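All values reported here derive from a predicted model rather than from experimental measurement. In what follows, every heavy atom counts, from backbone to side chain, and hydrogens, waters and symmetry copies are set aside. The chains referred to below are lettered A, B, ... by the order of the sequence lines, with proteins before strands, and numbering in each begins at 1.
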Amino acid sequence: MTDPMVVQTPPSPTVSAPRFIMTLATILVAILVLLAVDAGLARVDKKETRSVAAIEYQVGTRLMVHGRVRDAIDHLRTAASLDRDKPAYTAALAEAVLADGRPLDAEQLLIPLLERVQRDGAANLAMARVLAKEGRIEEAKSYYHTAIFGLWTEDAERNRTASRFELIDFLAATGAKHELLSELLPIQDAYPDDTLMRKRIAQLFVMAGSPTRAGEIFRDVLRHNSNDTSAYIGLANAAMAQGNYPEARGYYQSAQKLAPDDTAIKSKIRLADSATAIDPTQRGLPLPEQLQRSRNLVQMTIASARKCLNAEAPQVAAALDSVSRSLMVQSSAIPRNQAIEENLSLAGAMWRMRGGRCATRAPNVDEALALVQDKIAQ
Amino acid sequence: MRRPKFPRLPRFKTPRPPRRLIRLVEDLRRKEDRLALVLSLIIGALVGLVVVAFILLTGRLAALMYPAGGEGWRRVLIPIFGSLVTGYLLYRYFPLARGSGIPQTRAAVFIHDGRISLRSVMGKFVATSVSLASGIPLGREEPAMYIGSGLASVMARRLGLSTAQMRWLIPVGGAAALSAAFNTPITAVLFTLEEIMGDLHARVLGSVVLASATAWMVLHLLLGDNPLFQVPGYHLVSLAELGIYAVLGVVGGLASVAFVKLLLELRARFARLPGSSLWIQPAVGGVTVGIIGFFVPQVLGVGYDQIERVLNGDALLKVVALLAVLKIIATAVAYASGNAGGFFGPSLFIGAMVGASVGSLAHMLLPASTAGPGAYALVGMGVAFAGIIRTPLTSVIMVFELTRDYTIIIPVMIANLIAFFISKKLQPEPIYEALANQDGLHLPTGTFRSSAGLWVSIAIREAPLPFTPDMKVDEAAEQIGNSDFESWPVSDEEGLLGMVRVVDIQAATEGNQRAVTIATIMRRARPEGEESAPIPHVHEDQPLGQALARMGDTGHNVLPVVSRSNVRHLVGVVTLTDVLKAYGVERFTPIRPRPAIDI
């Protein structure tokens with residue numbers, strides 16, 4: 001005896017062959033009819049589902065704007081699961097999850113999406129944001145680049161520009177000056193008619209360590225509109241970054257004339273004055289004045305460093321004090337030029353050391369000192 | 001109750017196809033392998049299309065009942081309305097379409113010679129569609145399996161196939177349906193073999209695989225290539241996590257047992273209610289679901305969207321724990337009260353919520369060395385499936401197939417096995433078997449087919465004329481005469497009551513108790529304090545080894561062979577001598593057992 005479930009010998013058929021054929025033919029026709037019906041139903045279903053998903057997406061994005069992140073996640077999740085063909089839904093969901101403080105979950109959402117749509121702009125931008133939040137700077141940059149050159153289903157140009165500026169802001173925030181400059185150069189002349197954009201680019205050139213380029217743009221803007229306060233301020237900032245404090249003061253004053261009540265400009269003028277007053281490298285200064293300013297700079301740097309080192313490492317601060325005194329005594333025995341050089345070098349070394357340990361700066365005094373130190377370091 | 005009849009379709013005279021085609025078809029019918037191949041493809045396509053229609057129509061119906069931004073009252077009234085409609089349909093038109101469909105499918109294979117009526121297939125389609133669309137928290141997968149199996153059965157009958165072929169096509173249709181309904185072709189094959197056939201090496205494997213793959217392709221052709229759940233790639237964060245996954249196995253196993261026991265207990269209680277209340281019983285489920293759903297809408301429906309949320313880490317401990325408890329209650333009541341639908345989907349929901357609860361707690365206590373709750377929800381799905389459905393291999397593969405995530409295999413295997421063993425220990429009877437038993441069906445267990453080749457059917461012989469309970473022992477002794485039977489069946493007008501041993505009758509007659517009745521002898525043979533005893537029996541399709549073991553357990557060298565659909569229906573008897581003969585061992589000296597009772 002064998003397994004009752006297994007057919008061992010072909011049983012004799014109970015219907016005739018023609019009947020068998022006709023039944024089989026009927027079944028095949030039924031399959032074709034069902035296929036047509038199902039295809040129609042599936043089309044209707046897909047259309048309905050997509051429209052529901054679009055509504056959910058809109059609600060989700062609106063809630064995000066209003067800061068209701070948890071509710072937004074619910075709606076965006078529904079949108080993303082109803083219409084998986086739209087990467088923008090999953091990308092928006094990932095950003096909401098990121099805003100909810102769950103970068104790892106957001107990353108996990110984006111990984112499978114990016115496997116499917118590697119070049120999708122929205123997905124790459126979302127991933128870049130997630131990685132930026134996680135502090136994975138190099139990977140974030142790579143995703144930003146893919147977003148800039150990736151595929152966008154709508155508003156491609158606007159989205160690409162937005163992605164590029166986001167990357168630029170990210171690079172500025174992380175202090176990656178060279179990369180920032182390389183991102184700015186291609187768009188330097190990209191917006192000839194957009195003054196706001198040009199001024200923004202110029203400001204970023206200042207941050208990227210290219211104040212000359214920034215100055216050129218601001219001057220060009222002022223050629224077209226000599227009453228542009230922010231262009232004067234930008235030009236002044238560029239001059240400050242170049243170490244040209246008196247020129248900067250002049251531009252700030254021009255801005256002040258246009259906006260006399262602006263206290264920020266007043267404070268900038270004071271800063272330019274302070275920097276002018278302590279800058280030992282300023283052109284046209286007599287040698288004794290230069291030497292005196294270089295000594296002052298060392299003392300100011302020591303004083304600034306001591307302010308924070310006293311609290312953090314008092315022994316180191318005291319030791320620094322004594323070393324600098326002895327160096328100052330020694331500098332009186334050597335030629336003035338050499339003494340100025342050595343003082344500036346000592347001040348620079350101390351400033352760098354201070355920079356590594358002290359996060360805070362005293363307003364105005366330290367800011368002016370920082371400007372001069374930056375100029376010397378250049 | 002008189003059931004309305006469907007109008008018969010008019011019969012047309014069959015046109016005669018070309019002779020060459022007839023020869024081809026006759027050749028096909030002679031070669032079973034080829035016929036199996038063709039029919040598997042056709043069943044796969046047909047069932048796949050029907051299941052896709054089932055999914056889409058149910059979805060559309062649900063969208064009509066619950067429009068976006070719909071009012072709160074819908075969540076209360078629609079489940080009640082849906083359960084009333086399905087209750088009436090099931091009571092009046094489709095009584096065989098009640099429940100999940102798995103026990104019915106198995107009954108079709110093992111009892112009804114592969115017969116499932118078209119009416120019950122249609123009933124299952126309509127009733128389940130209404131039930132699920134109205135928010136009853138049951139799943140579509142098992143009903144789809146029944147629909148698929150039924151279509152295969154109907155097709156086999158229309159094609160004039162033999163009973164054996166019809167039985168062989170049932171799992172083929174079932175696997176195709178599960179593949180399309182669950183979007184899991186491998187799981188469909190494994191579940192069909194593991195649960196429906198009870199044999200992973202069944203000869204229908206090839207046909208089952210082919211039909212499952214065809215149905216899956218149909219699904220993808222029409223609904224696209226997306227997994228049921230989009231899940232992030234979870235990994236084991238630290239080895240210590242394995243311990244937490246083991247804890248999840250324990251918790252999930254206990255939750256599964258709680259669900260199964262609650263469901264079976266409630267179902268038994270509903271079964272004790274008068275038959276005339278059958279049509280209103282599902283409304284109890286509808287009311288329960290409506291009340292819960294009004295306050296916690298996530299409990300409504302099968303809840304796949306909620307599962308996806310949790311799988312993606314949106315899990316607040318209090319919420320997921322509450323959802324696990326409420327879903328257990330809602331599903332158990334809805335199913336037990338007689339609504340149409342299965343518990344594949346709800347099992348996943350319960351598992352995901354239990355997993356997310358354990359995961360949230362673990363992540364709260366050990367954030368650095370544990371993954372987020374989503375990973376535990378993923379493992380939890382398999383855990384609940386292993387604990388409730390009790391198909392361990394299928395539960396492991398299912399998790400991977402549903403999510404297409406293969407990175408968390410070890411935790412899934414560990415947790416699933418723990419849940420499986422806990423469930424087996426605390427609830428020895430698997431759920432489908434228990435449900436079948438509640439319906440009076442004695443279906444074979446998953447392991448019964450493990451013995452190779454030797455079945456009770458080869459040793460069966462005609463039963464002797466049974467004694468009646470009121471028969472005196474001297475009459476019985478006279479009837480026994482010179483017979484070799486060492487035990488004798490006893491039956492009343494409703495069927496078999498039990499077995500009585502010949503030595504006990506002889507002892508009574510020798511002890512001058514000739515007026516004692518057979519009922520008394522049977523009562524004396526029972527263990528002290530027990531009012532009734534189960535009828536010792538075997539079925540035709542059980543292995544002979546099992547018959548031997550049962551002879552040892554009961555002390556009867558003769559066992560009645562009974563029907564699977566009715567244990568009291570005596571088909572024949574099997575004797576120890578016949579069993580030994582079947583094994584090729586001659587029983588030279590019959591062992592005369594001592595009397596079991598002192599007279």
Side-chain angles (χ1 to χ4, degrees), chain A residues 1-28 30-31 33-35 37-39 41-42 44-46 48-49 52 55-56 70 73-74 77-78 80-82 84-85 90 93 97 100 102 104-105 107-113, chain B residues 14-17 21-23 25-26 29-32 35 42 45-46 49-50 52-53 56-57 59-60 63 68 109 155 158-165 167-168 197 199 202-204 218 222-224 226 230-234 305 308-309 312-314 372 374 449 453-455 457-458 540-541:
Chain A
M1 180 68 185
T2 54
D3 185 336
M5 290 305 301
V6 177
V7 182
Q8 288 297 308
T9 51
S12 48
T14 57
V15 296
S16 63
R19 181 81 192 271
F20 185 91
I21 291 166
M22 287 316 294
T23 310
L24 216 51
T26 312
I27 292 165
L28 291 175
I31 285 176
V33 171
L34 265 173
L35 187 63
V37 170
D38 277 4
L41 277 173
V44 171
D45 187 71
K46 201 164 190 171
E48 293 277 325
T49 309
V52 173
I55 292 167
E56 292 286 331
R70 282 284 163 99
I73 289 174
D74 267 357
R77 175 93 64 205
T78 308
S81 57
L82 284 176
R84 296 189 203 275
D85 294 337
T90 310
L93 171 64
V97 171
D100 194 37
R102 293 186 281 141
L104 284 175
D105 286 341
E107 188 186 344
Q108 293 296 338
L109 276 168
L110 290 167
I111 289 170
L113 176 66
Chain B
T14 313
R16 191 151 185 89
L21 184 61
I22 291 174
R23 269 206 303 276
V25 166
E26 276 173 350
R29 292 208 287 181
R30 270 195 299 276
K31 290 173 181 160
E32 284 244 311
L35 183 66
I42 292 172
L46 178 70
L49 287 164
V50 170
V52 168
L56 291 172
L57 286 172
R60 286 296 88 217
V109 175
M155 197 174 115
R158 296 283 160 90
L159 289 171
L161 301 186
S162 67
T163 302
Q165 286 169 320
R167 291 168 81 182
W168 154 80
M197 306 296 294
D199 182 4
R203 289 273 294 273
V204 290
V218 167
L222 291 161
L223 299 185
N226 282 312
Q230 200 86 52
V231 179
Y234 288 121
D305 51 344
E308 181 153 318
R309 280 196 173 90
N312 282 282
D314 294 346
R449 301 178 62 77
L454 292 172
W455 310 96
S457 54
I458 63 165
E540 271 183 290
D541 56 3

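- The minimum heavy-atom distance between A:Arg19 and A:Thr23, with the atom names listed, is O-OG1, 2.7 Å.
- Residues meeting the side chain to side chain contact (heavy atoms under 4.5 Å, CB included) test with B:Ala53, sequence neighbours left out: A:Asp38.
- Of all the listed residues (A:Val37, A:Leu28, A:Thr26, A:Leu34), the one sharing the greatest number of non-hydrogen pairs under 4.5 Å with chain B is A:Leu34.
- Between chain A and the residues B:Leu57, B:Val52, B:Asn312, the largest count of heavy-atom pairs under 4.5 Å involves B:Asn312.
- Looking at residues two or more places apart in sequence or on another chain, you find a side chain to side chain contact (heavy atoms under 4.5 Å, CB included) between A:Leu104 and A:Glu107, A:Glu134.
- Environment of CZ in A:Arg84: crowded, with over 12 heavy atoms of neighbouring residues, nucleotides or ligands closer than 6.0 Å.
- With a 4.5 angstrom heavy-atom cutoff, B:Leu223 touches chain A only via side-chain atoms.
- Only the side chain of A:Asp105 comes within contact range of chain B, judged by heavy atoms closer than 4.5 Å.
- Heavy atoms of B:Asp305 lying under 4.5 Å from chain A are absent altogether.
- With a threshold of 4.5 angstrom between heavy atoms, A:Thr78 approaches chain B through its backbone and through its side chain.
- Heavy atoms of A:Ile55 lying under 4.5 Å from chain B are absent altogether.
- Contact between B:Val218 and B:Ala45 at its shortest, heavy atoms only, is CG2-CA, 4.0 Å.
- Taking 4.0 Å as the cut-off between side-chain N and carboxylate O, B:Arg309 and A:Asp74 count as a salt-bridged pair.
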